[in-house]
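Chain letters run A, B, ... following the sequence lines, proteins first, then strands; residues in each count from 1.
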2 protein chains.
Amino acid sequence: MTRPEDRSRRRPKIADVAATAGVSTATVSRALSNPGLVGEATRARVMDAVEVTGYRINSAARDLRQRRARSLLILAPNLSNTFFGTIFAAIQKVAGEAGLAVQISDSRLESSRLATLGHDGRTDAIVLLDGALDPEIVNGWRLPLVQLCEWNEDYDAPAITIDNAAAARLAVDHLAQLGHRRIVHVEGPPDNVLAIHRRAGAQAGATARGLELTLLPGDFTMESGETAARRWAAMTPRPTAVFCASDECAFGFIAECAAMGLAVPADVSVVGFDDVDFAGRFLPALTTVHQPRAEIGRIGAERLLAALEGGRPLGPRAEPVPTRLVVRASTAAPPTTSPRPKQ
Amino acid sequence: MTRPEDRSRRRPKIADVAATAGVSTATVSRALSNPGLVGEATRARVMDAVEVTGYRINSAARDLRQRRARSLLILAPNLSNTFFGTIFAAIQKVAGEAGLAVQISDSRLESSRLATLGHDGRTDAIVLLDGALDPEIVNGWRLPLVQLCEWNEDYDAPAITIDNAAAARLAVDHLAQLGHRRIVHVEGPPDNVLAIHRRAGAQAGATARGLELTLLPGDFTMESGETAARRWAAMTPRPTAVFCASDECAFGFIAECAAMGLAVPADVSVVGFDDVDFAGRFLPALTTVHQPRAEIGRIGAERLLAALEGGRPLGPRAEPVPTRLVVRASTAAPPTTSPRPKQ
DNA sequence: CTGAAAGCGCTTACAG
DNA sequence: CTGAAAGCGCTTACAG
């Protein structure tokens, strides 16, 4: 199967095909990219020559000539974060089908390197998963750009997001319906836009339902959930339910409860936010607000492609992507007796 | 801060800088990429002109001229798999510092599209995370290529992996030391190289320790772990420990035990394989074999860079990356009494 | 130390 | 329908 002579032959270019077919490079180019412009017989000769030479187009050369990169850049603060994997996959699917490459980079670079990424002629459009970059740099890129999940008002670009406040209300409503009257909200980082909206939604929901809501600080991490669990356990009376601003935080909260000998949901109901891949596999499986990450990624990529193809601007902020609460095993009615003491 | 005139100005090119500085484009090019070749005063004039015009190099043009892409392509069977995130991050870190872009693509494309990826002049080297691609396609790419974690003997490329058999022995040795005498191994997919090596290691370890080893089929998924748990529960006498070929499988095994009213590690000790991010957060935290994914990614990227810079070949298969067992809460000494019956 | 010219591998008005 | 020529924006022998 291996043809050893191939190994030594240099890569054929369009001129080789033209020579083999006895036509000009212009004709080869047309036959390949716009066959309708070329005569039947000529086209056949060109195709034969392509076959014979093993020619494949050099996209880099074509792209330079056409002054485009056929490439999307995804910028995320932490490429290893499992939250982003699904989004990458969705974007790559849409982009790949349209013939665009997908480039990924960490967004937490020193500013000159970061700025360069949007200015080096190797990217047509940008997907931003980080709301904490310098707006001057972001707005300095003259490329179509969308923000996903998180956003920054100072970026001059539309954002594809859920309605985080409404989503948080879903969580609080669920707890209220189960019969909980006193609940805790473990917040995200104080200055984070998602955290602010989720807290606002939780507060609005609690007020509307006449619930007593206690705020505990957090930062989306598992550790902050553990800390919050200890604080919660020290409260008297103990709220019977907790709404954490992220799944990670909820995992930490539950793990610390287990360490303290308290059970979820028997002693306390816990709701998370995001519905990361792992939420359904946790023990107990986590009740949480689903962020449709695949859909957000798909919509973002499609809007970018539309802007690229149509030469149209991206348009304003999109309407929120619908979300929903996924009820699993970590929530239940409040204990009828007072919570069991620490054993 | 926004300079509105910037918005309308077209992107400056090297000729604009040359005109502004009153030198040739060759001189601008040299001043930027090889300042030592240019006179002090000229260099200063060029730098001023760069500043004034806001020039940034067009990498696409430079790359075409230099006949390279300054880009690495990562191919993975499933971009959303959390297993790969850490590897992406490690590769991007190494590549980014060397000025290379990182492109990602799903490797499960129809073959013509897949083949094109390695032939379109937009990639200098390939990182392969999939051992199930057509060897003819893979070997047809005339680019430096490394396989990571998984490998295929038919690919003409080195693989950076752990010694899966030795790693599996670590797991079995641990269970033996805890006092387990009868253990189960839940296998991976029958034709998967990793599964084959892990099983062989488990068998060798069991033989060396004089343990009784029962094999149960699996395929690395959580569902297969659940199925295995039911099979295990039906065995008499029940083995007191299980070594699963993947963490996912172990999560499923444990979840199904919980559903059956059996506790880990009280009723059965469970060991996984991989040490995915979630392993330490599971309840109970999972004892597992650590696959150093960040290091594997780093080593792979570094070897590729070395081959690219030196023009040297990649060399043969690398020696295995060291691994270790991470002991957490899911393993303990076997129950002294016979296992509790299903309640 | 600097410039004129060729060229990376394509595409695309412009003629005919 | 086809070709000669220019050009995408750079870099790099080759001269001087």
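- In this structure, B:Leu37 atom CG and D:dA13 atom C1' are separated by 13 Å, rounded to whole Å.
- Protein atom CG of A:Leu64 is 14 Å distant from nucleotide atom C1' of D:dA6, rounded to whole Å.
- For the residue pair B:Ser105 and A:Gln92, a side-chain donor N or O sits within less than 3.5 Å of a side-chain acceptor on the partner.
- Distance, A:Leu32 CG to C:dG9 C1': 13 Å, rounded to whole Å.
- Taking 4.0 angstrom as the limit, A:Thr27 places a side-chain polar atom (N or O) nearer than this to OP1 or OP2 of D:dG3.
- A distance-only check finds a donor-acceptor pair linking the side chain of A:Ser33 to the backbone of A:Ser29 [under 3.5 Å].
- Across the protein-nucleic acid pair, B:Asn34 atom CG and D:dA13 atom C1' stand 14 Å apart, rounded to whole Å.
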Please evaluate residues A:Arg122 and A:Asp63 with respect to the criterion salt bridge (Lys or Arg N to Asp or Glu O under 4.0 Å), reporting the C-alpha separation (whole Å), side-chain torsions for both, the decisive distance (0.1 Å), and the verdict. CA-CA 9 Å; A:Arg122 311 214 293 175; A:Asp63 292 346; over 6 Å; no
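- A salt bridge links B:Arg293 with B:Asp277: the closest approach of a Lys/Arg side-chain nitrogen to an acidic carboxylate oxygen falls below 4.0 angstrom.
- Set against C:dT12, D:dT2, D:dC10, the side chain of B:Arg62 has D:dC10 as its closest nucleotide.
- Proximity of A:Gln66 to the phosphate of C:dT12: a side-chain N or O atom is located under 4.0 Å from OP1 or OP2.
- Paired with B:Leu145 under the rule side-chain contact (heavy atoms from CB on, under 4.5 Å), one option of B:Leu128, B:Val127, B:Leu73 passes, and it is B:Leu128.
- When distances are taken from the side chain of B:Asn58 to each of D:dG9, C:dC10, D:dA4, the shortest belongs to D:dG9.
- Here the nucleotide nearest the side chain of B:Arg67, chosen from C:dA4, C:dC8, D:dC10, is C:dC8.
- In this entry C:dA13 has no Watson-Crick or G-U wobble partner, no candidate having both defining distances under 3.5 Å.
- Of the candidate nucleotides C:dC8, D:dT2, D:dT11, D:dT2 has the atom nearest to the side chain of A:Val38.
- Rounded to whole Å, atom C1' of C:dC8 lies 13 Å from atom CZ of A:Arg10.
- Between A:Arg10 and A:Asp16, at least one side-chain nitrogen of the basic residue sits less than 4.0 Å from a carboxylate oxygen of the acidic one, meeting the salt-bridge criterion.
- A donor-acceptor contact under 3.5 Å links the side chain of A:Arg30 to the base of D:dG3.
- Taking atom CZ of residue B:Arg56 and atom C1' of nucleotide D:dC10, one finds them 17 Å apart after rounding to whole Å.
- Map A:Ala61 and B:Ala41 each onto its nearest nucleotide of DNA chain C; the residue landing nearer the 5' end is B:Ala41.
- The residue among A:Arg43 and A:Thr25 whose nearest nucleotide of DNA chain D lies closer to the 5′ end is A:Arg43.
- The nearest whole Å value for the distance from the CZ atom in B:Arg68 to the C1' atom in C:dG9 is 17 Å.
- Of the candidate nucleotides D:dA5, C:dG3, D:dC10, D:dC10 has the atom nearest to the side chain of B:Ile14.
- Each of B:Thr42 and B:Arg65 was assigned the nucleotide of DNA chain C with the nearest heavy atom; the assignment lying further toward the 5' end belongs to B:Thr42.
- The nucleotide D:dA4 finds no pairing partner, because no Watson-Crick or G-U wobble arrangement with both distances shorter than 3.5 Å includes it.
- The separation between B:Asp120 atom CG and C:dG9 atom C1' is 13 Å, rounded to whole Å.
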